[in-house]
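Below is one structure, written out as structure tokens, with a few remarks after it.
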2 protein chains.
Amino acid sequence: MTSIIGPNGTFTTETGVTDRLLTPTEVARFFGVDPKTVTRWSRTGRIPSVRTPSGQLRYRESEVRALLNGG
Amino acid sequence: MTSIIGPNGTFTTETGVTDRLLTPTEVARFFGVDPKTVTRWSRTGRIPSVRTPSGQLRYRESEVRALLNGG
DNA sequence: TCGAAGTAGGGTAATTAGGGGC
DNA sequence: TCTGTCCTAATTACCCTACTTC
């Protein structure tokens, strides 16, 4: 998986689509669940996630949308 | 470790590998956090950084990529 | 030289991870 | 099995002002 860090810190994939990272709370609002549930989804592999150097979880907006659309 | 700062903000090592320097905002967007948080990571030693003569922080793209892939 | 944007500090409130129990 | 809630410690976001960069 190749990605490019853009001039503004954006995250660009091979397809040229600019992506951004969402917090657990933001993802929780999308699905109407508790942020803790989103965290559990990460541990069980139900949703892809990225960890900050300190260990907190972030989620790619494109993947969240894909799950919402019947991933 | 000897290195040369290029005209476009590039960073060239002895191995000839060009490494771009990223601003706190760019790194912040890449990890989905506040730029202030990236600055904090520098002080706590979670991410290697380079300081400009005036004291501002910059980060090597290769280091950021390494951290994103699990440090 | 001017204005807009970004950054470094500090201080405080909010969020998160993790475990445990329901 | 899955989820929401309670707890603590750690981490982060947002507020401000002054300085730097473009």
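Labels below follow one simple rule: chain letters A, B, ... track the order of the sequence lines, proteins then strands, and each chain is numbered from 1.
- The separation between B:Arg43 atom CZ and D:dT12 atom P is 11 Å, rounded to whole Å.
- Nearest nucleotide to the side chain of B:Gln56, out of D:dA13, D:dT5, C:dA8: C:dA8.
- Closest to the side chain of A:Trp41, from the set D:dT5, D:dT3, D:dT12, is D:dT3.
- Interatomic distance, B:Arg60 CZ to B:Ser49 OG, rounded to the nearest 0.5 Å: 9.5 Å.
- Separating the CZ atom in A:Phe30 from the CG atom in A:Leu67 is a distance of 12.0 Å, to the nearest 0.5 Å.
- Here D:dT3 is the nucleotide among C:dG9, D:dT3, C:dA17 with the atom lying nearest to any side-chain atom of A:Thr37.
- The CG-P distance, from A:Leu22 to D:dA13, rounds to 13 Å in whole Å.
- Atom CD of B:Glu26 is separated from atom P of C:dA5 by 17 Å (rounded to the nearest Å).
- As a whole-Å value, the separation of A:Arg58 CZ from D:dT12 C1' is 8 Å.
- Using a 4.0 Å heavy-atom cutoff across all strands shown, A:Asp34 reaches at least one base atom of the nucleic acid.
- Rounded to the nearest 0.5 angstrom, B:Glu61 CD and B:Glu26 CD are separated by 9.0 Å.
- Following rounding to the nearest Å, A:Leu21 (CG) and D:dA13 (P) show an atom-to-atom distance of 12 Å.
- The listed nucleotides are D:dT12, D:dC6, C:dG11; the one nearest the side chain of B:Lys36 is C:dG11.
- Between A:Ser54 and D:dT11, a side-chain N or O to OP1/OP2 separation shorter than 4.0 Å is absent.
- With C:dT15, C:dG9, C:dA17 as the choices, the nucleotide that has an atom nearest any side-chain atom of A:Thr25 turns out to be C:dT15.
- Counting any heavy atom pair closer than 4.0 Å across all strands shown, A:Arg51 reaches sugar-phosphate atoms only and no base atom.
- Residue-level contact check: A:Arg46 touches the backbone only, with heavy atoms under 4.0 Å from sugar-phosphate atoms and none from bases.
- A donor-acceptor distance shorter than 3.5 angstrom exists from the side chain of B:Thr44 to the backbone of B:Arg40, with no hydrogens or angles considered.
- Nucleic acid contact class of B:Thr52 (heavy atoms, under 4.0 Å, all strands): none.
- Exactly one residue among A:Ile47, A:Leu22, A:Thr39, A:Val50 makes a side-chain contact (heavy atoms from CB on, under 4.5 Å) with A:Leu57. That residue is A:Thr39.
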